[in-house]
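So the structure is just underneath, and the comments pick up after that.
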Amino acid sequence: MSNNSLDSLDRKILSMLSDNARKPFLEIARECKVSGAAVHQRIQKLSAQGVIKGFESMINPAMLGYDTCAYIGFFLNDPTRFDEVASALRDIPEVVEVHYTTGKYDLLAKLYARNNQHLLQIIHDKLTLLNAGRTETLISFKQEFCRQVPINNGFEND
(Lines give C-alpha, C1' and ligand atoms only; values in the text may rest on other atoms or scores of the structure.)
Protein backbone atom coordinates (compact mmCIF):
# COMPACT_ATOMS: atom_id res chain seq x y z
CA MET A 1 0.00 0.00 0.00
CA SER A 2 1.30 3.39 -0.94
CA ASN A 3 1.69 6.11 1.67
CA ASN A 4 -0.20 8.36 -0.78
CA SER A 5 -3.45 6.46 -0.12
CA LEU A 6 -3.38 7.45 3.55
CA ASP A 7 -5.21 10.64 4.43
CA SER A 8 -4.31 13.04 7.23
CA LEU A 9 -6.60 11.28 9.74
CA ASP A 10 -4.98 7.92 8.99
CA ARG A 11 -1.53 9.40 9.51
CA LYS A 12 -2.56 11.17 12.72
CA ILE A 13 -3.96 7.92 14.13
CA LEU A 14 -0.82 6.03 13.09
CA SER A 15 1.39 8.67 14.65
CA MET A 16 -0.45 8.44 17.97
CA LEU A 17 -0.37 4.64 17.95
CA SER A 18 3.35 4.59 17.13
CA ASP A 19 3.96 6.82 20.17
CA ASN A 20 1.73 4.68 22.41
CA ALA A 21 0.10 1.51 21.06
CA ARG A 22 -2.01 1.29 24.25
CA LYS A 23 -3.60 4.71 23.80
CA PRO A 24 -7.38 4.31 24.11
CA PHE A 25 -9.35 4.73 20.90
CA LEU A 26 -11.63 7.29 22.57
CA GLU A 27 -8.63 9.42 23.52
CA ILE A 28 -7.39 9.25 19.93
CA ALA A 29 -10.88 10.19 18.75
CA ARG A 30 -10.99 13.23 21.06
CA GLU A 31 -7.61 14.47 19.84
CA CYS A 32 -8.60 13.90 16.20
CA LYS A 33 -12.06 15.47 16.74
CA VAL A 34 -13.91 12.43 15.35
CA SER A 35 -16.08 9.72 16.90
CA GLY A 36 -14.70 6.66 18.63
CA ALA A 37 -16.45 4.53 15.99
CA ALA A 38 -14.62 6.41 13.23
CA VAL A 39 -11.25 5.72 14.88
CA HIS A 40 -12.15 2.08 15.41
CA GLN A 41 -13.16 1.73 11.74
CA ARG A 42 -9.98 3.44 10.55
CA ILE A 43 -7.79 1.16 12.68
CA GLN A 44 -9.67 -1.90 11.39
CA LYS A 45 -9.18 -0.66 7.80
CA LEU A 46 -5.48 0.05 8.36
CA SER A 47 -5.05 -3.42 9.88
CA ALA A 48 -6.91 -5.12 7.00
CA GLN A 49 -4.73 -3.25 4.48
CA GLY A 50 -1.57 -4.38 6.27
CA VAL A 51 -0.52 -0.86 7.29
CA ILE A 52 -0.85 -1.86 10.94
CA LYS A 53 0.83 -5.22 11.42
CA GLY A 54 -0.12 -5.60 15.06
CA PHE A 55 0.34 -4.20 18.52
CA GLU A 56 3.16 -5.36 20.76
CA SER A 57 4.74 -4.79 24.12
CA MET A 58 8.40 -3.84 23.97
CA ILE A 59 10.21 -6.01 26.51
CA ASN A 60 13.67 -5.10 27.76
CA PRO A 61 15.80 -8.21 27.02
CA ALA A 62 18.31 -7.34 29.77
CA MET A 63 15.54 -7.45 32.38
CA LEU A 64 14.99 -11.10 31.38
CA GLY A 65 18.69 -11.91 31.61
CA TYR A 66 19.62 -11.44 27.93
CA ASP A 67 22.60 -9.10 28.26
CA THR A 68 24.22 -9.75 24.86
CA CYS A 69 22.72 -8.51 21.60
CA ALA A 70 24.45 -9.73 18.46
CA TYR A 71 24.07 -9.50 14.72
CA ILE A 72 25.24 -12.47 12.69
CA GLY A 73 25.89 -12.10 8.99
CA PHE A 74 25.64 -15.25 6.89
CA PHE A 75 27.69 -15.90 3.78
CA LEU A 76 25.65 -18.76 2.28
CA ASN A 77 27.46 -21.55 0.43
CA ASP A 78 24.36 -22.11 -1.68
CA PRO A 79 22.23 -19.04 -2.43
CA THR A 80 19.22 -21.25 -3.21
CA ARG A 81 19.04 -22.09 0.52
CA PHE A 82 17.87 -18.61 1.60
CA ASP A 83 14.38 -19.77 2.60
CA GLU A 84 15.62 -23.00 4.21
CA VAL A 85 18.18 -21.18 6.37
CA ALA A 86 15.71 -18.41 7.30
CA SER A 87 13.17 -21.05 8.30
CA ALA A 88 15.76 -22.87 10.44
CA LEU A 89 16.71 -19.57 12.11
CA ARG A 90 13.03 -19.03 12.98
CA ASP A 91 13.22 -22.20 15.09
CA ILE A 92 16.01 -20.76 17.28
CA PRO A 93 14.23 -18.82 20.06
CA GLU A 94 17.10 -16.40 20.66
CA VAL A 95 16.95 -15.18 17.03
CA VAL A 96 14.53 -12.24 16.94
CA GLU A 97 15.02 -10.90 13.39
CA VAL A 98 16.25 -12.22 10.05
CA HIS A 99 16.79 -10.05 6.98
CA TYR A 100 17.66 -10.86 3.38
CA THR A 101 20.34 -8.33 2.47
CA THR A 102 22.49 -7.00 -0.32
CA GLY A 103 26.16 -6.27 0.06
CA LYS A 104 28.45 -8.19 2.35
CA TYR A 105 25.98 -10.73 3.80
CA ASP A 106 23.32 -12.91 2.24
CA LEU A 107 21.30 -12.98 5.47
CA LEU A 108 21.56 -10.93 8.65
CA ALA A 109 20.15 -12.23 11.94
CA LYS A 110 19.70 -10.38 15.20
CA LEU A 111 19.72 -12.41 18.38
CA TYR A 112 19.87 -12.07 22.13
CA ALA A 113 21.95 -14.26 24.43
CA ARG A 114 22.32 -14.30 28.20
CA ASN A 115 26.05 -13.49 27.90
CA ASN A 116 29.00 -14.05 25.56
CA GLN A 117 29.35 -17.68 26.65
CA HIS A 118 25.69 -18.31 25.78
CA LEU A 119 26.26 -16.57 22.42
CA LEU A 120 29.18 -18.89 21.71
CA GLN A 121 27.00 -21.87 22.64
CA ILE A 122 24.27 -20.72 20.23
CA ILE A 123 26.81 -20.31 17.44
CA HIS A 124 28.42 -23.71 18.04
CA ASP A 125 25.36 -25.76 18.98
CA LYS A 126 22.72 -24.24 16.72
CA LEU A 127 24.11 -22.10 13.93
CA THR A 128 26.89 -24.41 12.77
CA LEU A 129 24.32 -27.21 12.49
CA LEU A 130 22.62 -25.20 9.73
CA ASN A 131 25.66 -25.95 7.55
CA ALA A 132 24.82 -22.74 5.71
CA GLY A 133 28.29 -21.35 5.21
CA ARG A 134 30.50 -18.86 6.95
CA THR A 135 29.23 -16.34 9.51
CA GLU A 136 30.47 -13.10 10.97
CA THR A 137 29.30 -11.94 14.40
CA LEU A 138 28.97 -8.35 15.58
CA ILE A 139 28.14 -7.66 19.22
CA SER A 140 26.14 -4.56 20.09
CA PHE A 141 27.41 -2.80 23.19
CA LYS A 142 24.29 -0.66 23.58
CA GLN A 143 21.15 0.18 21.64
CA GLU A 144 20.98 3.95 21.61
CA PHE A 145 17.39 4.15 20.35
CA CYS A 146 14.72 2.27 18.47
CA ARG A 147 11.75 3.92 16.80
CA GLN A 148 9.04 3.55 14.20
CA VAL A 149 9.42 5.01 10.72
CA PRO A 150 8.20 8.61 10.32
CA ILE A 151 4.45 8.69 9.71
CA ASN A 152 4.06 12.01 7.92
CA ASN A 153 7.43 12.17 6.13
CA GLY A 154 6.62 14.87 3.59
CA PHE A 155 2.83 14.54 3.69
CA GLU A 156 2.13 17.00 6.53
CA ASN A 157 -0.07 19.28 4.40
CA ASP A 158 -2.78 16.75 3.52
Side-chain angles (χ1 to χ4, degrees), residues 1-74 76 78-114 122 126-127 130 132 135 137-158:
M1 168 177 221
S2 166
N3 194 8
N4 294 330
S5 64
L6 300 177
D7 65 17
S8 60
L9 178 57
D10 290 332
R11 286 192 293 278
K12 189 166 186 175
I13 291 168
L14 290 171
S15 180
M16 286 187 225
L17 289 174
S18 71
D19 287 340
N20 178 6
R22 295 180 55 145
K23 189 168 199 161
F25 289 1
L26 288 177
E27 192 175 324
I28 293 171
R30 262 192 305 280
E31 290 183 38
C32 291
K33 297 179 177 58
V34 297
S35 70
V39 168
H40 186 266
Q41 289 172 345
R42 289 294 182 113
I43 291 173
Q44 294 287 47
K45 176 192 81 167
L46 292 166
S47 295
Q49 292 173 332
V51 176
I52 296 175
K53 293 173 56 176
F55 300 89
E56 62 185 22
S57 297
M58 300 303 296
I59 297 168
N60 181 347
M63 297 302 291
L64 297 177
Y66 291 93
D67 291 329
T68 299
C69 174
Y71 295 87
I72 300 183
F74 288 81
L76 299 181
D78 180 359
T80 65
R81 293 190 60 215
F82 273 105
D83 293 338
E84 177 188 341
V85 173
S87 180
L89 289 168
R90 182 184 301 274
D91 293 334
I92 301 171
E94 295 87 355
V95 175
V96 297
E97 293 180 23
V98 173
H99 300 268
Y100 295 95
T101 63
T102 62
K104 189 173 183 178
Y105 309 116
D106 296 310
L107 287 172
L108 184 67
K110 179 181 180 180
L111 65 86
Y112 286 96
R114 289 186 301 277
I122 293 168
K126 297 178 181 181
L127 298 183
L130 299 178
T135 62
T137 303
L138 304 165
I139 294 177
S140 170
F141 291 125
K142 175 185 171 192
Q143 177 178 310
E144 187 62 32
F145 65 88
C146 178
R147 63 178 166 211
Q148 294 287 340
V149 296
I151 304 298
N152 290 323
N153 201 18
F155 298 97
E156 291 86 2
N157 297 324
D158 286 348

Review point. If you measure from CE on M16 to CD1 on I43, what distance do you get to the nearest 0.5 Å?
Key: 9.5 Å
Study note, to complete from the structure: Residues G73 and Y105: closest non-hydrogen pair is CA-CD2, 3.4 Å
Point to revise | Least distance between heavy atoms, K45 atom then D10 atom | key: NZ-OD2, 3.1 Å
Revision key, fill the gap. Taken to the nearest 0.5 Å, the spacing of H40 NE2 from Q44 CD works out to 4.5 Å
Check your understanding: Between E144 and K142, does at least one N-O distance fall below 4.0 Å, as a salt bridge requires?
Key -> yes
Review point. Please walk me through it: do K23 and E31 pass salt bridge (Lys or Arg N to Asp or Glu O under 4.0 Å)?
Key: CA-CA 11 Å; K23 189 168 199 161; E31 290 183 38; 2.9 Å; yes
Revision key, fill the gap. Output for pair (L127 CG, E94 CD), nearest 0.5 Å, gives 9.5 Å
Review point. Which heavy atom of L26 sits nearest a heavy atom of G36, and at what distance?
Key: CD2-CA, 3.8 Å
Point to revise | Value rounded to 0.5 Å, distance of CG in L138 from SG in C69 | key: 10.0 Å
Check your understanding: Which value, rounded to the nearest 0.5 Å, describes the distance between L46 atom CG and L6 atom CG?
Key -> 6.5 Å
**Study point:** By side-chain contact (heavy atoms from CB on, under 4.5 Å) - contacts of D91 (at least two apart)
**Key:** none
Point to revise | Sidechain-backbone polar pair: R114 side chain, T68 backbone, donor-acceptor under 3.5 Å | key: no
Review point. Are the side chain of K126 and the backbone of L89 linked by a donor-acceptor contact shorter than 3.5 Å?
Key: no
Revision key, fill the gap. On a heavy-atom basis, the closest approach of Q143 and K110 is OE1-NZ, 4.0 Å
Review point. Would Y100 and L108 count as a side-chain contact (heavy atoms from CB on, under 4.5 Å) if you check the C-alpha gap in whole Å, the side-chain angles of each, and the deciding distance to 0.1 Å?
Key: CA-CA 7 Å; Y100 295 95; L108 184 67; over 6 Å; no
Review point. Can we say R42 and D7 salt-bridge, meaning some charged N sits less than 4.0 Å from an Asp/Glu carboxylate O?
Key: yes
Practice item. Kindly determine whether T101 and L107 satisfy side-chain contact (heavy atoms from CB on, under 4.5 Å), including the steps that lead there. Key: CA-CA 6 Å; T101 63; L107 287 172; 5.9 Å; no
Check your understanding: Which pair of heavy atoms, one from S18 and one from I151, lies closest together, and at what distance?
Key -> OG-CG1, 4.1 Å
Practice item. Evaluate whether atom CZ of F55 has more than 12 neighbouring non-hydrogen atoms of other residues, nucleotides or ligands under 6.0 angstrom away. Key: yes
Practice item. Kindly write out the residues that satisfy side-chain contact (heavy atoms from CB on, under 4.5 Å) with D67, not counting sequence neighbours, or none if the list is empty. Key: A62
Review point. What do the steps show when you test L17 against I28 for side-chain contact (heavy atoms from CB on, under 4.5 Å), and what is the final call?
Key: CA-CA 9 Å; L17 289 174; I28 293 171; 3.7 Å; yes
Practice item. Kindly determine whether L111 and V96 satisfy side-chain contact (heavy atoms from CB on, under 4.5 Å), including the steps that lead there. Key: CA-CA 5 Å; L111 65 86; V96 297; 5.8 Å; no
Exercise for review: Supply the atom-to-atom distance E84 CD to D78 CG, rounded to the nearest 0.5 angstrom.
Suggested key: 8.5 Å
